[in-house]
> 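Quick one: the structure is below, questions incoming.
In the text below, chain A, chain B and the rest are named by the order of the sequence lines, each starting its count at 1.
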Amino acid sequence: MSGGLGLESLVDQQISVITNDGRNIVGVLKGFDQATNIILDESHERVYSTKEGVQQHVLGLYIIRGDNISVVGEIDEELDAGLDFSALRAHPLKPVIH
Amino acid sequence: MLFFSYFKDLVGREVTVELKNDLAIRGTLHSVDQYLNIKLENTRVVDQDKYPHMLSVRNCFIRGSVVRYVQLPPDGVDVDLLHDATRREARGG
């Protein structure tokens, strides 16, 4: 990840956002600001559970308020393509408690 | 500004960032900004079996507001220096 500040280096890339309520939203970063508000295009939510594999729900164009963002990860497309989501079992992430 | 400067000196070092959702992410400190947002490179989640949610992420941005702890390399902190600097800042100097 090049560049110092902010999310400039991730624009137009596939990113994975973990929100404060424990959701995982994946999409293409289209914009952001100083408050980490984020515009995500072609986004979908990955829902983790212990009962079945990861479910993907299509969301489309999303704006996520910075207040509600924990982590923004750059997705390595090769690694991502190699994952078998139907076999992944996990508890959903816990919400952030401030 | 003290801890901002302090973290800037740690750039390039290996740290573990524990978040307020109990997730702990280890990686090389790439940069930090005025909000103490942290960018890590070559990241891995500490308990990957329990938290497979970031398996395809190698670089990430962590919002400063969700950081609970940053675990530092033992030689990354000069306690006496930090001690003096925090006191100086508390006095308003």
Side-chain angles (χ1 to χ4, degrees), chain A residues 1-10 13-26 29 32 34-38 46-48 50 53-54 64 66-85 87-98, chain B residues 1 3-71:
Chain A
M1 187 152 46
S2 60
L5 293 169
L7 299 167
E8 194 59 60
S9 60
L10 296 178
Q13 291 213 53
Q14 186 93 338
I15 60 165
S16 162
V17 178
I18 293 173
T19 60
N20 289 358
D21 58 358
R23 283 189 241 207
N24 183 198
I25 300 173
V26 174
L29 181 65
F32 67 92
Q34 329 79 278
T36 338
N37 297 313
I38 273 178
R46 289 181 178 167
V47 183
Y48 288 80
T50 50
V54 178
I64 308 174
D67 283 352
N68 189 34
I69 289 175
S70 298
V71 181
V72 177
E74 174 184 2
I75 288 192
D76 183 315
E77 309 230 358
E78 219 170 288
L79 285 176
D80 202 55
L83 290 178
D84 180 7
F85 286 103
L88 268 186
R89 301 286 142 93
H91 287 284
L93 282 169
K94 276 179 255 178
V96 165
I97 300 166
H98 286 289
Chain B
M1 288 307 271
F3 281 91
F4 176 38
S5 313
Y6 174 67
F7 277 116
K8 276 200 289 191
D9 283 341
L10 283 172
V11 164
R13 307 296 294 270
E14 184 96 343
V15 296
T16 303
V17 181
E18 185 183 318
L19 310 185
K20 292 178 187 173
N21 59 6
D22 292 354
L23 194 65
I25 306 171
R26 186 158 179 79
T28 307
L29 188 62
H30 171 272
S31 61
V32 62
D33 68 15
Q34 55 174 327
Y35 306 108
L36 303 187
N37 296 326
I38 290 172
K39 272 180 164 183
L40 296 181
E41 288 182 327
N42 298 315
T43 55
R44 59 206 172 280
V45 169
V46 170
D47 189 349
Q48 286 205 335
D49 295 331
K50 192 174 170 194
Y51 301 110
H53 310 72
M54 291 182 66
L55 281 176
S56 48
V57 172
R58 281 298 163 270
N59 301 310
C60 74
F61 168 97
I62 301 167
R63 203 168 191 270
S65 60
V66 300
V67 173
R68 183 186 288 144
Y69 302 118
V70 181
Q71 297 173 28

> Under 4.5 Å heavy-atom distance to chain B, tell me which part of A:Ile15 shows up: side chain, backbone, both or neither.
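Contact with chain B: none, neither part.
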
> Considering only heavy atoms, which portion of A:Leu93 lies under 4.5 Å from any heavy atom of chain B: side chain, backbone, both, or neither?
both

> Donor-acceptor check, side chain of A:Gln13 to backbone of A:Ser9, threshold 3.5 angstrom: yes or no?
yes

> Answer with side chain, backbone, both or neither: which region of B:Leu55 has an atom nearer than 4.5 Å to a non-hydrogen atom of chain A?
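Looking at B:Leu55, backbone and side chain both touch chain A.
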
> With side chains defined as the heavy atoms from C-beta onward, is the minimum distance between B:Phe7 and B:Val70 less than 4.5 Å?
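Heavy-atom side-chain distance check passes, below 4.5 Å.
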
> With B:Lys8 as the cation and B:Tyr6 as the aromatic partner, state whether NZ or CZ is under 6.0 Å from the six-membered ring centre and within 45° of the axis.
no

> Below 4.5 Å from any heavy atom of chain B, which atoms of A:Ile75 appear? Answer side chain, backbone, both or neither.
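For A:Ile75, backbone and side chain are both near chain B.
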
> Which bit of A:Asp80 is near chain B, if near means a heavy-atom gap under 4.5 Å: side chain, backbone, both or neither?
both

> Side chain, backbone, both or neither: which part of A:Glu77 has a heavy atom under 4.5 Å from chain B?
neither

> Is a side-chain donor or acceptor of A:Asn20 paired with a backbone partner of A:Asp67 at a separation under 3.5 angstrom?
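The answer is yes, because a donor-acceptor pair under 3.5 Å joins these two groups.
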
> If only side-chain N and O atoms count, and only distance matters, is there a donor-acceptor pair under 3.5 Å linking A:Ser70 with B:Arg63?
no

> Look at A:Ser16, A:Gly22, A:Ala81, A:Gly66 and state which one has the largest set of heavy-atom pairs under 4.5 Å with chain B.
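That would be A:Gly66.
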
> Taking side chain as everything from C-beta outward and backbone as N, CA, C, O, which of these in B:Ile62 sits under 4.5 Å from a heavy atom of chain A? Side chain, backbone, both or neither.
both

> Check whether the ring centres of A:Tyr48 and B:His53 lie less than 6.0 Å apart, and answer yes or no.
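Yes: the rings meet the under 6.0 Å criterion.
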
> Name the region of A:His98, side chain, backbone, both or neither, that has any atom closer than 4.5 Å to a heavy atom of chain B.
both

> Will you find, in the side chains of B:Asn59 and B:Thr43, an N or O donor that is under 3.5 Å from an N or O acceptor?
no

